[in-house]
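A note on names: the letters A, B, ... follow the listed sequences, proteins ahead of strands, and every chain is numbered from 1. Worth saying up front: this structure is predicted, and the values here are computed from it rather than measured.
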Number of protein chains: 4
Amino acid sequence: MQQITEKLVCQVIKPRTQESHKGSFGRVLTIGGNQYFGGAIIMSASAAVYSGAGLVTCATDPQNFVSLHARLPEAMVVDYRDQQMLAELLPQMDVLVIGPGLGTDATALAILKFVFSQVQSQQHLIIDGSAITLVAQQQLTLPSAQIVFTPHQMEWQRLSGLTLAEQTPANNQAAQQKLAATVIVKSHRTEIYLPGQPAWQNPVGSAAMATGGMGDCLTGILAGFLAQFSAAPAQSILAAVYTHSAISDQLAQQQYVTLPTQIIAALPAYMAQMSQEK
Amino acid sequence: MQQITEKLVCQVIKPRTQESHKGSFGRVLTIGGNQYFGGAIIMSASAAVYSGAGLVTCATDPQNFVSLHARLPEAMVVDYRDQQMLAELLPQMDVLVIGPGLGTDATALAILKFVFSQVQSQQHLIIDGSAITLVAQQQLTLPSAQIVFTPHQMEWQRLSGLTLAEQTPANNQAAQQKLAATVIVKSHRTEIYLPGQPAWQNPVGSAAMATGGMGDCLTGILAGFLAQFSAAPAQSILAAVYTHSAISDQLAQQQYVTLPTQIIAALPAYMAQMSQEK
Amino acid sequence: MQQITEKLVCQVIKPRTQESHKGSFGRVLTIGGNQYFGGAIIMSASAAVYSGAGLVTCATDPQNFVSLHARLPEAMVVDYRDQQMLAELLPQMDVLVIGPGLGTDATALAILKFVFSQVQSQQHLIIDGSAITLVAQQQLTLPSAQIVFTPHQMEWQRLSGLTLAEQTPANNQAAQQKLAATVIVKSHRTEIYLPGQPAWQNPVGSAAMATGGMGDCLTGILAGFLAQFSAAPAQSILAAVYTHSAISDQLAQQQYVTLPTQIIAALPAYMAQMSQEK
Amino acid sequence: MQQITEKLVCQVIKPRTQESHKGSFGRVLTIGGNQYFGGAIIMSASAAVYSGAGLVTCATDPQNFVSLHARLPEAMVVDYRDQQMLAELLPQMDVLVIGPGLGTDATALAILKFVFSQVQSQQHLIIDGSAITLVAQQQLTLPSAQIVFTPHQMEWQRLSGLTLAEQTPANNQAAQQKLAATVIVKSHRTEIYLPGQPAWQNPVGSAAMATGGMGDCLTGILAGFLAQFSAAPAQSILAAVYTHSAISDQLAQQQYVTLPTQIIAALPAYMAQMSQEK
């Protein structure tokens, strides 16, 4: 498998053009966070903001509005059950994230189906966590969109039907082609299956990342990168995966565990390093 | 166009007179933040507090009281629909900000009209964001007050009728004179049109500022400066615009994107630098 | 007037005895924070915790429970209108603070009267802000307790009847003797009138402290010091006033304005410096 | 008594195996936090997350959901009165904490009894604070589980029947054997009674820890250590007690009081030091 390199990351995170405004860096909508798992969507939205997305809105259970704004006043909020508002917002978006903390109940399923019915073919749609489980369990037809799945190995089993032992690169790639989507299979050495490319592997990261919420954080970085570096989506996805782990590696020099909120806080500095290299 | 200089900023941010109290540094009321955009008014109020306003009150949707206090216990809160409370508070204020996260619905319009009916001629009134859109859409008559508009280029088009291509310094100045207000046209090189002066340009700032909430942050710095440095309002406005961007430039040496909340946190140190120079 | 010295502060903030537990450092109840001014009581409780009080409870409007815990999980909360709970808690306390953000409405008056009816003669009772105004307006009879008033000059006028011009040390002392309480008259050179002592003056502090909430912060430091250093209450009061300003002076070397929440965060380090001197 | 050593801590906090995921580091459920004492369970859950537990859920009064997520989006939340949800969650857990901020009313007792009825023999169950008081007052029969009690000396008196004067190592050990549980008797020199072992003493820590919430913080570190270092529970308990105090000692070099939230924030760095030693 090809290894993602820091050089690739540097090619993606280019210095920003001066004649730009927040609209130039994309609009992101993160959808998730029920009454139990609100923290997940807070971390996803935070990672999108701190990685540089131009404008971030968070569709979630209203219970989470206050905790989100207490941490992240930069984001806007909307009730994820308000289909009228969502129908207005969705067409304006460049990137959608659905799944962090969404749960698998009837409300979650209704929201997921509604988003699938509204998403447009040019929009990036990152499907994570319980939304992956719902797609698999309910055998939902995928919409026409730029889809990225971010399963861990058990979720990948549900989605692909491949047991852990069967999750070889060749089998994974075959399953990914059937889905016609990008698939990021998360493990201690995450693999990325992009349409029409040989598989990639993430060479960085460590067990200091093995803590709750780490995947939610990744969805936000993916969204932020796809929103900003839209000319090269495949490269942006690879760079996002690498960035997530490389920041943890930097922090892990002095920390036993690296928390998602710490990785989020470190995004602006890491991205400055990469954009200034060479 | 004249360029704002650091020297001008240093002339505005003077060391404080020892025989002073919080009343000496002005009273600010920030008005905005509906149920979707509460973060905007949190950032405006925070920037007013961190730039040194004596007393800051935030009139907003009650949903935002808790998130605001979780971040900023220094500010007081009031329900922005409570006209009786607003009528009591408004005459005590030196500076009003209206617009951040206000929205454009009927509630927003009612609040804006009420504030226009109550504001007094010596008070500074900063009109931002959706409040600018409402003024333009509803063709509201401006009240007699020390008005500062802070449109980005699209809002300026709505307010002035000038398309982006027509927004030349000469046309902008003509439109500003018709409004009889100060106009800050925000772009990657923000221009400031003060009554009876040639146009000014802000030479600092970068694309690291192109992120949601940056304009909300500017309204709070403007309010804080007008509240404290009230003897020279025109200079204060220029210094506030420069300060907002200059702090971002300092942070951007080590950050790819500079968030509004980070600029707010850096205000006390930057202002100390400027007050101690020469 | 006698000047408070750093040496006095060092004599108060002694290294802690090893054989001690949280009960050794006193119980504090801060009472205040209505639906508009919740931040005030958050800052008072925070200053009590960060200055080392053993156990801190905050009696406030339930609206403020969440914002307080989001900032300060170390404190407990109780509804300030729940007389049954207050009646249970009050006898356990060493120090009470009443006033920060309390307001002056009927609810506030009822709470103040209830506390006056329950306080015991050996308890310290710090009366601040709107509680001072209520005492003056309603001509309340003071309870038998170790009372400390913390008026700014206008509140002192209401309480003592002395106009600003009349607030000379001699007049202040006469008024203080009539009240039979300690009085801290806050200004850019705060004066402290202790029973049976010549007046003291605070030689430190600057206009960087002239910002909303600074007085709320002082009440918490006073409470924390009286709770811990209970053998020498008069000295503790002087040391608390000095500490509040001396921390601001340290911060003001690099900040134009010093916010109450920043002073609170710096308390543990400043107190360590003082306890380790000589 | 045997003294816990830093060497023992280093043996427990080993570098993490690379081939691991969040499930490898255990599932923790912290149960507590009523409408008055929400901060206690926030600190317990935070300490579990920052000490490296794989997944942390907090069962508490719904009032505390927002303040918890504002501080700690890494944790999930559930209503502690929802027996159906608890019955689903409990079997998935490796470690349970019950007691921080739980209170002693009928709701608290019902929750405690329900947890006792559901806990399984291989699960670690840390019983703290008001839950200890309830066990003693209600003479509850202990369930079959890996129980750890964390009483301070007064709570130990309630549980064991031993007055403070009677709390000698020999008497404590006899009482512990009767309980058939691990007992951590907290004082300025905390003692740990493990089944089948001579007593241990914690040689570190100081009076800078004598502040509210310190015990809540310890429960979370115990939970995090038992969840991760499950092969050696006895050693993990000793290491957790030492770690809690050793971090305070590091902070106390520059702080007069060390707050629980500061100790929590310092966990990842301290644990990295220990894991990298020798």
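- Only the backbone of C:His21 comes within contact range of chain D, with heavy atoms under 4.5 Å apart.
- By the neighbour-count criterion of 12 heavy atoms within 6.0 Å, atom CD of C:Glu19 is sparsely surrounded, having that number or fewer from other residues, nucleotides or ligands.
- Proximity to chain D (any heavy atom under 4.5 Å) is restricted, for C:Ser275, to the side chain, taken from C-beta onward.
- Annotation for D:Ala246 and D:Val204: closest pair N-CG2, 4.0 Å, computed over non-hydrogen atoms.
- Side-chain polar atoms of C:Asn202 and C:Ser245 form a donor-acceptor pair below 3.5 angstrom.
- A donor-acceptor contact closer than 3.5 angstrom links the side chains of C:Gln255 and C:Gln262.
- No part of C:Val56 comes within reach of chain D, as not one of its non-hydrogen atoms sits under 4.5 angstrom from that chain.
- A donor-acceptor contact closer than 3.5 angstrom links the side chains of D:Tyr193 and D:Asn172.
- Side-chain contact check for C:Ser44 and C:Thr219: at least one donor-acceptor pair (N or O, by modelled atom type) lies under 3.5 Å.
- Interface remark: D:Ala210 contributes backbone and side-chain atoms alike to the contact with chain C (heavy atom separation under 4.5 Å).
- Using a 4.5 Å cut-off between heavy atoms, D:Gln153 makes no contact with chain C at all.
- Counting heavy-atom neighbours within 6.0 Å of D:Gln254 CD, excluding the residue itself, gives a total of 12 or less.
- With a threshold of 4.5 angstrom between heavy atoms, C:Thr17 approaches chain D through N, CA, C or O but not through any side-chain atom.
- By number of non-hydrogen pairs under 4.5 angstrom with chain C, the leading residue of D:Gly212, D:Gly213, D:Pro260, D:Ala207 is D:Ala207.
- At a 4.5 Å heavy-atom cutoff, the contact between C:Leu72 and chain D is made by backbone atoms alone.
- Among the candidates C:Met271, C:Lys22, C:Met85, C:Glu74, the residue making the largest number of heavy-atom pairs closer than 4.5 Å to chain D is C:Glu74.
- Using modelled atom types, one finds no donor on one side chain facing an acceptor on the other under 3.5 Å when comparing C:Gln11 with C:Gln235.
- For D:Ile42, the part sitting under 4.5 Å from any heavy atom of chain C is the side chain, from C-beta outward, and nothing else.
- Neither the backbone nor the side chain of C:Tyr270 comes within contact range of chain D; no heavy atoms are under 4.5 Å apart.
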